[in-house]
Amino acid sequence: MAIFSKSFDEPDERRTPDKTRVDVVKLPGASVARVTFQPGWRWSECIRPVIGGDSCQVRHVGTLLSGEMEIVHDDGSKANLVPGIAYVIEPGHDAWVVGNDPAVSLEFESLAAETYAKA
């Protein structure tokens, strides 16, 4: 058996769209991302210009470590994320940082980690 570990401080890939930092570590069979959203971040303003579309079409599975976020799906359903909340966010949503603190999340869905905010 083997143990694999990597540090988000030395990621395999880093993406930095407006008010966003995505640090990706690639492990055998899985990729994980630490995403930092700065105050004022909103998907429709910061990520849409990079990838296009009317709403985020990525499925997110993760947890919020700090800060606060609001999620609104295309159907109008809403969720408020605070630290310690684990989440699954299905495609078709907008999201934004609430308040004046950065929101930091870990994304465990490999496809999301590998593709989120990537041109």
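These figures come from a predicted structure and were not determined experimentally. When a residue number appears, it is its place in the shown sequence, counting from 1.
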Practice item. Could you list the residues that satisfy ring-ring contact (aromatic ring centres under 6.0 Å, His included) with His93, not counting sequence neighbours? Key: His60, His73
Study note, to complete from the structure: Note: Glu68 and Val82 closest approach over all heavy atoms is CG-CG1, 4.0 Å
Review point. Is there a side-chain contact between Phe108 and Thr63 (heavy atoms, below 4.5 Å)?
Key: yes
Review point. Could you give all pairs that pass the ring-ring contact (aromatic ring centres under 6.0 Å, His included) test and reach residues 2-21, with sequence neighbours left out?
Key: none
Revision key, fill the gap. Value for OG (Ser31) from CG (Asp12), rounded to nearest 0.5 Å, stands at 8.0 Å
Exercise for review: Apply side-chain hydrogen bond (donor to acceptor under 3.5 Å, both in side chains) to Asp75 and list each qualifying residue two or more places apart in sequence or on a separate chain.
Suggested key: Ser77
Review point. Which pairs with one or both residues in residues 98-116 pass salt bridge (Lys or Arg N to Asp or Glu O under 4.0 Å), sequence neighbours excluded?
Key: Arg59-Glu109
Practice item. Can you tell me which residue pairs pass the salt bridge (Lys or Arg N to Asp or Glu O under 4.0 Å) test with a partner in residues 43-56, sequence neighbours excluded? Key: none
Review point. What's in the same ILVMFWY side-chain cluster as Leu111, cut-off under 4.5 Å, chained through other members?
Key: none
Review point. Would a hydrophobic clustering, with Ile, Leu, Val, Met, Phe, Trp and Tyr connected at side-chain separations under 4.5 Å, put Val97 with Tyr87?
Key: yes
**Study point:** Over all atoms of both residues, closest heavy-atom pair of Tyr116 and Cys56
**Key:** CE1-SG, 4.1 Å
**Study point:** Co-membership, hydrophobic cluster, residues Ile71 and Leu65, 4.5 Å side-chain
**Key:** no
Could you list the donor-acceptor pairs under 3.5 angstrom formed by side chains in residues 19-27, with sequence neighbours left out?
from: Thr20; atom 1: OG1; to: Asp18; atom 2: O; distance (Å): 2.9
from: Thr20; atom 1: OG1; to: Trp41; atom 2: NE1; distance (Å): 2.9
from: Arg21; atom 1: NE; to: Asp23; atom 2: OD2; distance (Å): 3.0
from: Arg21; atom 1: NH2; to: Asp23; atom 2: OD2; distance (Å): 3.4
from: Asp23; atom 1: OD1; to: Arg14; atom 2: NE; distance (Å): 2.5
from: Asp23; atom 1: OD1; to: Arg14; atom 2: NH2; distance (Å): 3.1
from: Asp23; atom 1: OD2; to: Arg34; atom 2: NH2; distance (Å): 3.3

Check your understanding: Which value, rounded to the nearest 0.5 Å, describes the distance between Cys46 atom SG and Gln38 atom CD?
Key -> 10.0 Å
Practice item. Give, for atom CD of Gln57 and atom CD of Glu90, the distance between the pair rounded to the nearest 0.5 Å. Key: 11.0 Å
Revision key, fill the gap. So the salt bridge (Lys or Arg N to Asp or Glu O under 4.0 Å) pairs with at least one residue in residues 78-87 (sequence neighbours excluded) are none
Review point. So which residues get pulled into Val88's cluster when ILVMFWY side chains under 4.5 Å apart are joined, directly or through others?
Key: Val61
Study note, to complete from the structure: The remaining residues in the hydrophobic cluster of Trp96, counting side-chain heavy-atom contacts under 4.5 Å among Ile, Leu, Val, Met, Phe, Trp and Tyr, are Val72, Val98
Check your understanding: How many angstroms lie between CG in Leu64 and CZ in Phe37, if you round to the nearest 0.5 Å?
Key -> 8.5 Å
Point to revise | Hydrophobic cluster membership, Leu81 vs Val32, 4.5 Å side-chain cutoff | key: no
Exercise for review: Would you name the heavy atoms of Ser110 and Ala30 that are closest together and state the gap between them?
Suggested key: OG-CA, 3.3 Å
Review point. For Ser66, which residues count as a side-chain hydrogen bond (donor to acceptor under 3.5 Å, both in side chains) partner, sequence neighbours excluded?
Key: none
Review point. side-chain hydrogen bond (donor to acceptor under 3.5 Å, both in side chains) with Thr115: which residues, sequence neighbours excluded?
Key: none
Practice item. Determine whether Pro39 and Pro102 make a side-chain contact, defined as any pair of heavy atoms from C-beta on separated by less than 4.5 Å. Key: yes
Review point. What is the minimum heavy-atom distance between Pro83 and Gly67, and which atoms define it?
Key: CD-O, 3.1 Å
